[in-house]
Amino acid sequence: MRPLLRRTLTDLWVVVILALTMGQAGADGRTPVPQISRGQGERCVEPVQSMRRDHMRFLQHKRDETVRLGVRTKKYSLKECISCHVKKDAGGKSIPVNAAGQFCASCHAYAAVNIDCFQCHATTPDSGNAGGKISSYPALPRLDGSGGPRLAAWHGEGISVPVAK
Amino acid sequence: MSVESKKDQGGRGIHTSRRRFLAASATVAAVPGAVLISATMARSSEEPAPAGPRWGLLIDAAKCAAGCDNCVQGCNAEHGLGEMDSPQTDSQWVRKVGLRDKRTGYESSLPMLCQHCEQPPCVDVCPTGASFKRADGIVLVDKHICIGCRYCMMACPFKARSFVHEDLHDQLPAAPRGKGTVEACTLCMHRVDRDGSGANTACQQACDKAGHGAILFGDLNDPKSRIAKALKALPSVALRADLRLNQGVRYRNI
C-alpha cells in the first residue's frame, strides 16, 4: 500500500477509536470525572499540574527519607495530604480518603490505577476510623468472591473473578 | 605564582608551586574542626535522625510481676495491635516471658521485645534490605520493601518479630501496618523523632502509670541520661550475650 494512503488510513482508525473511547468519559459518559476535594488553606504544596503528574514521585522520595532517616517534615507527607484533603460527613466523622468519590479514589478510579497505600496506611487523620477498607476495586479477589480485577470497568459494573470455595 | 618546571625523564614539567600550595593548605586544614555536640533536645524535623544518640531500654525484671502485662497493653494501644482479636495470629511487638532457674527454682518474668542490636542478624539476612538499622540504633522494617519472606524472623535469636497474616483495618496514623509484612518494636520512633531524649516509649509510660517503674528508656550514648547513669551504677546483662550482638535493650535482676 502506498505510504500516504497507509498513513491516512491509520489516522482515520486512530480518530475512530479515540472517538469511540473518549466519548465514554465526561460528565455524560460512564466514568465520572474526578472531583478533587479542596483541602484547607489557599493552595496545595505544589501547583495542580505538578501534583497531578508527580505526586507519586514526591510521596515515594519522602517516604524513603522518613522511613530510613527519620525526617518527618510535613511537606510531602501522606499524613498531611490526608489531614488537609479529608472530608467529614454530617456527623463530623472523617470519611476515608479511599472511599468512592473521595480524595484519592476519585482520580484513581477514573485513571483505573489501583492504589494499595491504604492496605497499611490510615485513611483518616483520626485513629481507628475505618482505615484500610479498600472501597475501590481491590487488585486481588477476596475469599468471599468479591474484589479482583474489574474486567468490564468501562461499563461501570464490576465483574469479579469467582474464587472456588 | 611563577611556574617553575623541572623536566623529568618523560619531559613533563613538575610544578613545584602546586606542591607549595598544597603544603600551605594542609597546615590550615590541620586546625581542629568544630566538635559536634549531640543534640539532647528534640531535633528539628528536617534533620535526619542523628548518629550521636543510641536509644535503648533498661528493664528491671525484679519489678516485673509474673502476671502483669501493662507494657504489652500499652504497646498494643499505641500501635493498634491486637485489633483482629485473634491471639493465635496477632502481632506481638512485646511479650512477657517467664524464666525459671532449673537448679534453684527462682522464677522471674520479663518483657521480651526487639533488642535493637548493634549487629542485628535480621538486617544481615534480609534479602531486600527492608530490615535496617537507623543511624540512632533503632532497628526497623521498611514495609514498602518487605516481601514477607520471614527470614528475619528465623534469624532473630529472640523471636522478636511478627508477621501480619490478615488484612488489617483501622490502622493508626502513627503506625502503618499491613498484611504480608513483618513488624517489630520500633522503640516508639514516632515519639522519639518528635521528642528526642524526652520521649517516653509506650511500654515505659504504661509501666510507670501502673506504678511499677520497671522500664527505662533513654540515650545510651549520653553520659548524663538516666539510663546511662543506671547502667554505669548497677549491674545489667544483655540476653544471649554470647552472641555478641551488643543489644540496646538490657536487663537487670534476671
Side-chain angles (χ1 to χ4, degrees), chain A residues 45 56-86 93-99 115-135 138-144 146-148, chain B residues 42-51 53 55 77-84 129-146 148 164 166-183 186-196 199:
Chain A
V45 294
M56 271 324 290
R57 193 161 62 86
F58 299 141
L59 283 170
Q60 282 173 343
H61 286 167
K62 172 65 172 56
R63 83 177 182 199
D64 288 341
E65 282 177 18
T66 301
V67 173
R68 298 272 160 179
L69 304 177
V71 174
R72 289 181 192 262
T73 49
K74 292 191 189 279
K75 189 174 183 195
Y76 296 130
S77 151
L78 181 67
K79 261 167 76 173
E80 287 307 304
C81 303
I82 292 173
S83 67
C84 208
H85 281 275
V86 71
K93 213 169 134 188
S94 303
I95 307 176
V97 290
N98 65 338
I115 46 173
D116 57 1
C117 322
F118 301 106
Q119 287 177 6
C120 291
H121 283 274
T123 51
T124 58
D126 337 306
S127 52
N129 238 359
K133 290 197 176 76
I134 301 173
S135 304
L140 297 174
R142 297 199 187 99
L143 283 175
D144 60 2
S146 65
Chain B
R43 60 184 168 84
S44 115
S45 51
E46 284 89 28
E47 296 156 14
W55 304 111
E78 177 76 6
H79 299 103
L81 311 178
E83 59 182 16
M84 302 304 282
S131 179
F132 70 103
K133 186 177 69 147
R134 232 164 61 156
D136 57 357
I138 301 181
V139 179
L140 296 169
V141 178
D142 184 347
K143 294 171 197 175
H144 306 108
I145 303 181
C146 177
V164 181
E166 298 159 300
D167 272 318
L168 299 177
H169 309 295
D170 300 340
Q171 289 95 323
L172 296 173
R177 318 166 45 221
K179 175 179 175 180
T181 58
V182 170
E183 53 182 9
T186 60
L187 274 189
C188 281
M189 55 165 180
H190 54 286
R191 293 189 180 193
V192 170
D193 289 343
R194 190 187 61 204
D195 302 330

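Residue numbers begin at 1 in each chain, while the letters A, B, ... track the order of the sequences.
Chain A forms the most heavy-atom pairs under 4.5 Å with one residue out of B:Arg134, B:Lys143, B:His144, B:Glu47, and that residue is B:His144. Options A:Arg68, A:Gln60, A:Glu65, A:Arg63 differ in how many heavy-atom pairs under 4.5 Å they form with chain B, and the most are formed by A:Arg68. Of the residues considered (B:Gly178, B:Pro176, B:Gly180, B:Ala175), B:Pro176 shows the highest number of contacts with chain A, using heavy-atom pairs under 4.5 Å.
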Q: Determine, step by step, whether A:Arg72 and B:Met189 satisfy the side-chain contact (heavy atoms from CB on, under 4.5 Å) criterion, reporting the C-alpha distance in whole Å, the side-chain angles of both residues, the deciding distance to 0.1 Å, and the verdict.
A: CA-CA 11 Å; A:Arg72 289 181 192 262; B:Met189 55 165 180; 3.7 Å; yes
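A:Leu69 CG to B:Asp193 CG: the interatomic distance, rounded to the nearest 0.5 Å, is 10.5 Å.
Among all heavy-atom pairs drawn from B:Pro173 and A:Thr124, the shortest one is CG-O, 3.8 Å. Residue B:Gln171 comes nearest to A:Ala122 through the heavy atom pair O-CB, 3.3 Å, listed as atom of the first residue, atom of the second, then distance. B:Leu140 and A:Val67 get closest at one heavy-atom pair: CD1-O, 4.1 Å.
Chain B is approached within less than 4.5 Å, heavy atom to heavy atom, by A:Lys79 from residues 74-84 of chain A, ordered by number.
B:Ile138 does not touch chain A: none of its heavy atoms, backbone or side chain, sits under 4.5 Å away.
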